[in-house]
Amino acid sequence: MRDMEERITLKGSRDGLRLILHPTAAWEEVLDALRKQLAQGPSFYHGAKLLIDVGERSITDVELQAILAIMTEHDIEPAALITIAPTNRTTSRQAGLETRHPDSLRSTSPSVVQGEGLFLWRTVRSGQAIRHQGHIVVVGDVNAGAEISAHGSVIIWGRLRGSVHAGVGGNQQAIVCALELRPTLLRIADNLARTPDNHRPTGPEQASLDGDNIVVVPWDAPRR
């Protein structure tokens, strides 16, 4: 059986998150991978727009409805069906979805961060969710199962094990820093990443966007 990351890929775009399906993986494996991915951070995906990118793969009405049902469970809005297969147009139209070509996706643009910073001097425990329209600073740990969402940057003076979304609303200049950066899920603007299983931080690190990719570098690395 393929690894989950091989069956689905989530990337960001100005139009929302882009769900890219493996072109030949069994459909049930694709659905199972999507369920597991979304279950890792229910609030993390809440209210997001999702482009369903099936590429050359032909899908049936039943298959598309199965994906839409999973998205509805997590309050995710389908934005469009991305495909180059002409046979998918009818399926998409019957589901009330716009059909788009991959070349039509736009690049993201930065937005302005508004609001003051939020300073928390405590550990954010599993099950807790912190949201703020400015920057967030936590002096303490963010445990696995906790969620942090900020329109600006997120600074953790401690261990980051939970999920973090910095740059909510499309701010590509946002960064995420932690003394120990090992998030369950990491999202900056509309770009998403998971921490590799073999990632072992040796000191404070900073995550930021480099194009459409999230890159992690030591805090004392030379600034670009």
Colleague: Roughly how far, to the nearest 0.5 Å, is the CZ atom of Arg7 from the CG atom of Asp32?
Modeller: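 Rounded to the nearest 0.5 Å, the CG-CZ separation comes out at 6.0 Å.
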Colleague: Are the side chains of Asn143 and Arg161 in contact, using a 4.5 Å heavy-atom criterion?
Modeller: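 The answer is no; the side chains never approach within 4.5 Å.
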Colleague: Between Thr83 (side chain only) and Val54 (backbone N and O only), is there a donor and an acceptor less than 3.5 Å apart?
Modeller: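 No; zero donor-acceptor contacts below 3.5 Å.
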Colleague: On a heavy-atom basis, which atom in Val168 and which in Ser149 lie closest, and how many Å separate them?
Modeller: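 Between these two residues, the closest heavy atoms are CG2-CB, 4.3 Å.
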Colleague: side-chain contact (heavy atoms from CB on, under 4.5 Å) between Leu21 and Leu34: does it pass, once the steps are laid out?
Modeller: CA-CA 9 Å; Leu21 308 187; Leu34 180 59; over 6 Å; no
Colleague: Answer yes or no: is there a donor N or O on one side and an acceptor on the other, between the side chain of Asn88 and the main chain of Ile59, under 3.5 Å?
Modeller: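 Such a contact is found between Asn88 side chain and Ile59 backbone.
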Colleague: What closest approach, in Å, do Ser58 and Thr87 show between heavy atoms, and which atom pair accounts for it?
Modeller: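 It is OG-OG1, 3.1 Å.
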Colleague: Given the rule that I, L, V, M, F, W and Y join up when any side-chain heavy atoms are under 4.5 Å apart, are Leu38 and Leu185 in one cluster?
Modeller: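 Looking at the clustering, Leu185 is in the same group as Leu38.
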Colleague: Let me know which of Asp53, Asp190, Asn191 forms a side-chain hydrogen bond (donor to acceptor under 3.5 Å, both in side chains) with Arg18.
Modeller: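 It is Asp53, the one option of Asp53, Asp190, Asn191 that forms the side-chain hydrogen bond (donor to acceptor under 3.5 Å, both in side chains) with Arg18.
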Colleague: Taking all non-hydrogen atoms of both residues into account, name the closest pair between Gly152 and Ala174 and its distance.
Modeller: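 Nearest heavy atoms, Gly152 then Ala174: O-CB, 3.5 Å.
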Colleague: Is Trp121 linked to Ile156 within one hydrophobic cluster, defined over Ile, Leu, Val, Met, Phe, Trp and Tyr using a side-chain heavy-atom separation of less than 4.5 Å?
Modeller: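 No; Ile156 is not reachable from Trp121 via cluster members.
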Colleague: How about Pro78 and Leu50: do any of their side-chain heavy atoms sit closer than 4.5 Å?
Modeller: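 No; the side chains remain at least 4.5 Å from each other.
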Colleague: Applying the side chain to side chain contact (heavy atoms under 4.5 Å, CB included) criterion to Val142, which one of Thr123, Ile136, Leu160 satisfies it?
Modeller: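 Filter result, single survivor: Leu160.
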Colleague: Could you state the interatomic distance from CD1 (Ile214) to CG (Leu209), rounded to the nearest 0.5 Å?
Modeller: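 Reported value, rounded in 0.5 Å steps: 6.0 Å.
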Colleague: Report the distance from atom CD1 of Ile67 to atom CD1 of Ile76, rounding to the nearest 0.5 Å.
Modeller: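 The CD1 atom of Ile67 sits 11.0 Å away from the CD1 atom of Ile76.
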Colleague: Tell me whether Arg159 at atom CZ has more than 12 heavy atoms from other residues, nucleotides or ligands lying less than 6.0 Å away.
Modeller: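 Atom CZ in Arg159 is not crowded, with 12 or fewer foreign heavy atoms closer than 6.0 Å.
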Colleague: Check the pair Leu120 / His132 against side-chain contact (heavy atoms from CB on, under 4.5 Å), numbers first and verdict last.
Modeller: CA-CA 12 Å; Leu120 300 172; His132 185 62; over 6 Å; no
Colleague: Quick one: do Leu68 and Leu97 satisfy side-chain contact (heavy atoms from CB on, under 4.5 Å)? Show the steps, please.
Modeller: CA-CA 10 Å; Leu68 296 178; Leu97 274 180; 4.2 Å; yes
Colleague: Does Thr91 use its side chain to pair, donor to acceptor, with the backbone of Thr60 at less than 3.5 Å?
Modeller: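 No, Thr91 side chain to Thr60 backbone: no donor-acceptor pair under 3.5 Å.
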Colleague: Is Phe119 reachable from Trp157 through a run of hydrophobic residues whose side-chain heavy atoms are each under 4.5 Å from the next?
Modeller: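 Linked, Trp157 and Phe119 end up in one cluster.
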Colleague: Where do His22 and Ala25 come nearest, in terms of heavy atoms and distance?
Modeller: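 Reported closest heavy-atom pair: ND1-N, 3.1 Å.
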Colleague: Within this structure, what is the CZ-CD1 distance for the pair Arg35 and Ile70, rounded to the nearest 0.5 Å?
Modeller: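 Atom-to-atom, Arg35:CZ and Ile70:CD1 are 4.0 Å apart.
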Colleague: Is it true that atom CH2 of Trp27 has more than 12 heavy atoms of other residues, nucleotides or ligands lying nearer than 6.0 Å?
Modeller: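 Atom CH2 in Trp27 is packed in, count exceeds 12.
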Colleague: Check whether any side-chain heavy atom of Ile148 lies under 4.5 Å from a side-chain heavy atom of Val176, and answer yes or no.
Modeller: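 The answer is no; the side chains never approach within 4.5 Å.
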Colleague: Is Ile8 linked to Leu31 within one hydrophobic cluster, defined over Ile, Leu, Val, Met, Phe, Trp and Tyr using a side-chain heavy-atom separation of less than 4.5 Å?
Modeller: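 Yes: a chain of side-chain contacts under 4.5 Å links Ile8 to Leu31.
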Colleague: Please check if the number of heavy atoms outside Arg125 that lie under 6.0 Å from its CZ is greater than 12.
Modeller: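 Counting other residues, nucleotides and ligands, CZ of Arg125 stays at 12 neighbours or fewer.
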Colleague: To the nearest 0.5 Å, how far apart are CE in Met71 and CG in Leu19?
Modeller: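 Output value for this atom pair is 8.0 Å.
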Colleague: Indicate the atoms forming the closest heavy-atom contact of Ala80 with Arg100, along with that distance.
Modeller: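 The pair with the smallest heavy-atom distance is CB-CD, 3.8 Å.
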Colleague: Do Val164 and Val216 share a hydrophobic cluster (ILVMFWY, side-chain heavy atoms under 4.5 Å, transitive)?
Modeller: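 Cluster IDs for Val164 and Val216 match.
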Colleague: Which heavy-atom pair separates Ile175 from Ser153 by the least distance, and what is that distance?
Modeller: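 So the two residues come closest at N-OG, 3.0 Å.
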Colleague: Are His165 and Glu147 close enough that some pair of their side-chain heavy atoms sits under 4.5 Å apart?
Modeller: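 Not in contact.
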Colleague: Which distance, rounded to the nearest 0.5 Å, do you find between the OG1 of Thr24 and the CZ of Arg57?
Modeller: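 Between Thr24 OG1 and Arg57 CZ, I get 7.0 Å after rounding to 0.5 Å.
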